[in-house]
Each structure stands twice: as C-alpha cells, then as structure tokens.
Amino acid sequence: MDNHVVGVLGGGQLGRMLVEAASRLNIQVAILDSDNAPAKQINAAASDKHVTGSFAKASDVKQLASRCDVLTYEIEHVDTKILEELEEEKPFLDGSKWSRIQPSWKTVRTIQDKFVQKQHLAKFGIPTAKSIAVGTSHPQGLKETADQLGYPLMLKSRTEAYDGRGNYPVRSVSDIEPALKALENRPLYAEKWANFQMELAVMVVKTAQEDSIDAWESRTLAYPTVETIHEDSICKLVYVPARGVSKKVARAAQDLARRAVASFPGTGVFGVELFLLQDDNLVVNEIAPRPHNSGHYTIEACHMSQYEAQIRAILPDLAPTIRPGATDLAVPAAVMLNILGGPQPDSHLLVAKAALSIPGAKIHLYGKGAGRPGRKMGHITILGSSVSECETKIHPLIQMVDAVRA
Ligand code: ATP
Ligand code: MG
Ligand code: MG
C-alpha cells in the first residue's frame with residue numbers, strides 16, 4: 001500500500017491500536033518506547049525497527065528518525081526541540097514537499113502547554129474557558145486570580161497533564177494551599193469553572209499540511225459529535241451519538257472542532273474535547289494532536305477508524321484518498337466503556353471476562369500487565385440500533401466497573 005516506514009513516538013494503547021490499523025494496510029511501523037510496551041506486542045515479527053527508549057529523550061528520538069520515513073505521535077509529551085532539529089536537517093520526504101514530521105512539531109509544542117494552547121485558540125477566535133497563568137506558587141497570587149475568575153475554578157498544570165493528573169478543583173479559598181501543594185513544582189494556570197450540561201468530543205482528520213482556519217472546510221473532516229462522561233477527570237464512557245443533543249448543536253460542535261484543528265500546521269487526527277454550556281454555547285476544553293480515547297469507538301462503528309485515519313493522513317499518497325463519508329458512522333449507535341485498573345493487579349479482567357458473555361461486545365485489552373487504580377487497561381465497545389439499546393447491553397458492565405472502583 002505504501003512503502004514508507006512510520007515512526008511513532010510512544011507505544012501505549014493508542015500506539016497499539018495504530019499498529020493494528022497499519023498492519024491491515026501492510027504499512028510498517030517503528031515504535032519508540034520501552035521493551036514490551038503495548039504497541040510493541042502487536043505484529044512484533046513484522047517490525048525490526050522498534051527503538052527501546054523514551055519519546056522524551058533526544059538521542060532516542062533521533063535513533064527512531066534514522067529508521068523511518070515519517071514521524072508521528074501517540075502522546076504529546078515529547079521532546080519537540082529534537083524534532084525541530086531533525087526537521088532542519090531533512091525537512092521533506094524523498095525530495096517532495098511532504099514534511100517528515102506529521103503533524104508539525106510546532107503544533108505539538110503549542111498544544112503540550114495547555115495555557116499556550118488556549119492562547120493560540122483565542123487568537124483564532126475559538127472560544128475556551130477563561131484562563132490565567134499562575135506565575136507564582138505563593139497562595140496570594142492564586143487568591144488574586146481566584147478573585148478574578150470566581151469559585152470554583154480548576155487549577156491546572158500547563159504541561160505533562162493526562163487523565164486529570166494535573167487538575168485540582170479549587171472550590172473555595174481554603175482549597176488554595178492544598179491545591180498548590182498537590183501541584184507543587186509544576187507550571188500552573190487557573191481556569192474558570194465550566195458549568196457544562198455535557199462534555200462532547202469530536203475527532204477531526206486534517207489532510208492538508210498548511211494551517212488556515214479559513215480553509216477548514218476543504219482541509220478537515222469530522223467524525224460524529226459524541227458525549228463523554230468523566231469521573232474524577234478520567235474518561236469513563238463515550239456515547240455515540242451524544243444523547244439528547246440536537247442536530248444543530250452536534251453540527252456546531254463538529255464545525256468548531258474542524259476550525260480549531262485547521263489552525264494547526266501538519267496532518268493527522270486530532271481529538272477535540274468540548275464543553276456544552278447551559279445556554280447551548282460551546283467552548284473547547286483541549287485538543288490532542290493524535291488519536292484520542294473518545295475516538296476508540298471508531299474502530300468498530302465507523303467506515304474508517306481514527307487509527308487508520310492517522311496512518312493515512314500522515315502519508316502523502318494516502319492522505320488525498322480520505323474522502324467525505326469515510327468518517328461517518330457505519331452503524332446507528334455505539335457506547336464505549338473504559339476499563340480502569342482496580343485494587344488488585346487483575347481487577348480489570350473481571351470486567352473484560354464478563355463482556356465475553358455479551359454478544360457483540362468488542363473487547364480491547366492493552367497488554368499493560370498489572371493494573372493500578374485509575375490506569376486505563378482496556379475498553380469495550382457495544383454497537384446497536386440506538387444508544388438506548390447499547391446502554392441496556394452495557395449496563396451490567398458499568399455496574400461492575402463501579403463495584404471494582406468502590
Ligand atoms: P486528558 O486525559 O483528557 O488529556 P487532562 O488531564 O488533560 O485530561 P482536562 O481535559 O483538562 O485534563 O480535564 C479533565 C476533565 O476535568 C474534563 O474532561 C472535565 O471533566 C474536567 N474539567 C477540566 N477543566 C474544567 C473546567 N474548567 N471546568 C469544569 N470541569 C473541568
Ligand atoms: Mg489532556
Ligand atoms: Mg482532557
């Protein structure tokens with residue numbers, strides 16, 4: 001299909017599902033992560049190009065780059081300095097005008113600092129929750145910021161955040177000291193609390209390298225607008241399509257997500273998280289420059305999965321083959337449930353095994369070994385003729401997940 005070797009910074013579950021999609025197209029993938037990382041367990045025999053090391057270490061990234069043609073990511077917490085240097089050395093693929101790093105390291109650098117990401121979006125008129133950088137770890141500075149934003153507010157780490165590890169809700173002045181203690185030594189910003197009706201997400205595929213928000217319609221495609229349920233800042237469930245959301249709002253979410261993604265250079269898939277406010281207005285929470293938890297359902301529920309979309313969008317001959325319609329649902333509805341680690345190293349297997357008895361439940365286990373509370377160990381997708389049919393089928397598993405957690 002394509003002889004270019006794709007290098008991926010990071011080899012967790014997203015990388016694993018990316019390798020699965022690539023192997024169907026017989027495209028070779030080289031993963032940079034520790035030995036036996038989830039992504040390295042798939043089709044291992046077909047790849048002699050994996051690199052043992054860290055996506056945060058310059059020399060390891062360099063080694064990966066020497067073994068592949070196009071570089072991409074499954075995590076945004078990578079060393080962008082080395083990517084900038086690699087681009088200076090050899091910017092394009094085979095003398096073409098196709099960048100070897102997709103999406104651009106500039107996109108990743110902007111996105112990996114959530115406060116800079118918000119400033120970028122604001123510059124393009126994309127609405128976000130009001131945010132103020134917290135320049136000092138002295139409680140007085142945050143008190144003054146809280147006076148401006150009001151309580152509650154969300155104190156957030158600007159960098160290295162995932163699964164809510166980096167968030168601290170500040171409900172009153174008495175939370176300020178514990179919040180600063182919990183996020184000690186991390187660069188911080190404060191975000192106005194979003195009193196949302198619902199959290200939505202839209203996966204977007206960008207097939208053109210250029211960034212132009214005005215050309216968003218020709219350069220991006222959107223997957224359906226889905227509803228995400230978070231517990232303790234970790235995604236728990238995804239409902240497809242979002243329940244009780246009008247066509248107009250669902251369309252507005254897709255268009256906003258597409259415009260936001262069009263403002264970033266490079267190609268690939270992007271996960272756009274949104275808050276639907278009480279007045280039906282939408283704001284962007286954050287953007288991931290890679291496949292995303294809210295898009296796992298696309299593997300079984302859409303014509304082209306987010307992982308296939310990522311592989312195709314970053315390769316010059318395959319990107320133009322991604323046409324409108326590819327991101328549509330192939331079934332009426334789906335629900336995705338995350339399986340998190342519990343108190344025992346194998347608690348998560350209880351849920352996965354129970355899913356075996358539900359006809360049609362699609363079980364994904366990530367091969368991470370022993371579970372830990374809150375760690376994403378796998379997920380289950382159920383397809384159906386309506387969301388409520390999927391809900392009925394998945395209900396016993398949700399009860400089990402809740403019991404494991406309790
Ligand atoms: P991810 O795993 O999605 O990358 P993250 O650690 O980057 O997570 P956020 O997406 O910023 O964290 O926040 C996680 C969750 O916390 C959100 O999905 C939402 O439920 C809640 N949250 C975040 N910001 C706010 C806010 N300003 N107001 C209310 N709730 C918020
Ligand atoms: Mg995040
Ligand atoms: Mg998030």
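Every heavy atom of this structure was used, including side-chain atoms; hydrogens, water molecules and symmetry mates were not. Whatever order the structure lists ligands and atoms in, that order sets their numbers, starting from 1.
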**Message:** I need the atoms of ligand 1 closer than 4.0 Å to a non-hydrogen atom of N167, numbered in the order shown.
**Reply:** 9 (P), 11 (O), 12 (O), 13 (O), 14 (C), 16 (O), 23 (C)
**Message:** Closer than 4.0 Å to some heavy atom of D163 - which atoms of ligand 1 meet that?
**Reply:** 1 (P), 2 (O), 6 (O), 8 (O)
**Complete:** Counting heavy atoms under 4.0 Å, the part of L153 that contacts ligand 1 is neither
**Interfacing atoms of ligand 1 (cut-off 4.0 Å, heavy-atom, K114)** = 5 (P), 7 (O), 9 (P), 11 (O), 12 (O)
**Message:** Would W193 count as a polar contact of ligand 1, with the cut-off being nitrogen or oxygen pairs under 3.5 Å?
**Reply:** no
**Request:** Look at ligand 1 and say whether G166 reaches it with a heavy atom at a distance under 4.0 Å.
**Result:** no
**Message:** To make sure I understand the geometry: which N, O or S atom in E273 is closest to the Mg ion (ligand 3)?
**Reply:** OE1
**Request:** Could you check which of R165, E273, K156 puts a non-hydrogen atom nearest to atom 11 (O) of ligand 1?
**Result:** K156
**Item:** Nearest non-hydrogen protein atom, atom 22 (N) of ligand 1
**Value:** M154 CE, 3.5 Å
**Request:** Kindly confirm or rule out an N or O of S233 lying under 3.5 angstrom from an N or O of ligand 1.
**Result:** yes
**Fill in**
Checking T392, I358, V387 against I382 for side-chain contact (heavy atoms from CB on, under 4.5 Å), the one that qualifies is I358
**Prompt:** N/O/S of E286 less than 2.8 Å from the Mg ion (ligand 2)?
**Reply:** yes
**Request:** Identify, for atom 25 (C) of ligand 1, the protein heavy atom at the shortest distance, and state residue, atom and that distance.
**Result:** F275 CZ, 3.7 Å
**Request:** Number the atoms of ligand 1 from 1 as they appear, then name those within less than 4.0 Å of a heavy atom of E286, with their elements.
**Result:** 1 (P), 3 (O), 4 (O), 5 (P), 7 (O), 8 (O), 9 (P), 10 (O), 12 (O)
**Asked** With a 4.0 Å cut-off, would you call R24 and E308 a salt bridge?
**Response** yes
**Fill in**
Exactly one candidate in R375, R372, K236, K376 meets salt bridge (Lys or Arg N to Asp or Glu O under 4.0 Å) with D163; the answer is K376
**Request:** Taking only heavy atoms of A194 into account, list the atoms of ligand 1 that are under 4.0 Å away from them.
**Result:** 26 (C), 27 (N), 28 (N), 29 (C)
**Prompt:** Hey, are K81 and E85 close enough for a salt bridge, meaning a charged N less than 4.0 Å from a carboxylate O?
**Reply:** yes
**Item:** Closest to atom 6 (O) of ligand 1 (judged by heavy-atom distance), picking from S294, S157, G164
**Value:** G164
**Asked** Between the side chains of Q209 and W98, is a donor N or O closer than 3.5 angstrom to an acceptor N or O?
**Response** no
**Prompt:** atom 20 (O) of ligand 1: which of E199, H230, H292 has the nearest heavy atom?
**Reply:** E199
**Prompt:** Are H296 and Y307 linked by a side-chain donor-acceptor pair shorter than 3.5 Å?
**Reply:** yes
**Asked** Which of the atoms of ligand 1 are close to F196, meaning less than 4.0 Å from one of its heavy atoms?
**Response** 29 (C), 30 (N)
**Item:** salt bridge (charged side-chain N to carboxylate O under 4.0 Å, His left out) assessment of K362 paired with E300
**Value:** CA-CA 8 Å; K362 310 291 184 184; E300 290 93 3; over 6 Å; no
**Prompt:** Would F264 and H120 count as a ring pair (Phe, Tyr, Trp, His ring centres under 6.0 Å) if you check the C-alpha gap in whole Å, the side-chain angles of each, and the deciding distance to 0.1 Å?
**Reply:** CA-CA 9 Å; F264 292 103; H120 169 96; 4.3 Å; yes
**Request:** Evaluate the side-chain contact (heavy atoms from CB on, under 4.5 Å) criterion for residues L318 and M1: first the C-alpha distance (whole Å), next the side-chain angles of each, then the deciding distance (0.1 Å), finally the verdict.
**Result:** CA-CA 9 Å; L318 300 187; M1 189 66 84; 4.2 Å; yes
**Contact check: A129 vs ligand 1, nitrogen or oxygen atoms, below 3.5 angstrom** = no
**Request:** Could you please spell out the steps behind the side-chain contact (heavy atoms from CB on, under 4.5 Å) verdict for I42 and K40?
**Result:** CA-CA 5 Å; I42 302 289; K40 289 188 179 174; over 6 Å; no
**Asked** Is it true that R165 and E160 have a side-chain N and a carboxylate O under 4.0 angstrom from each other?
**Response** no
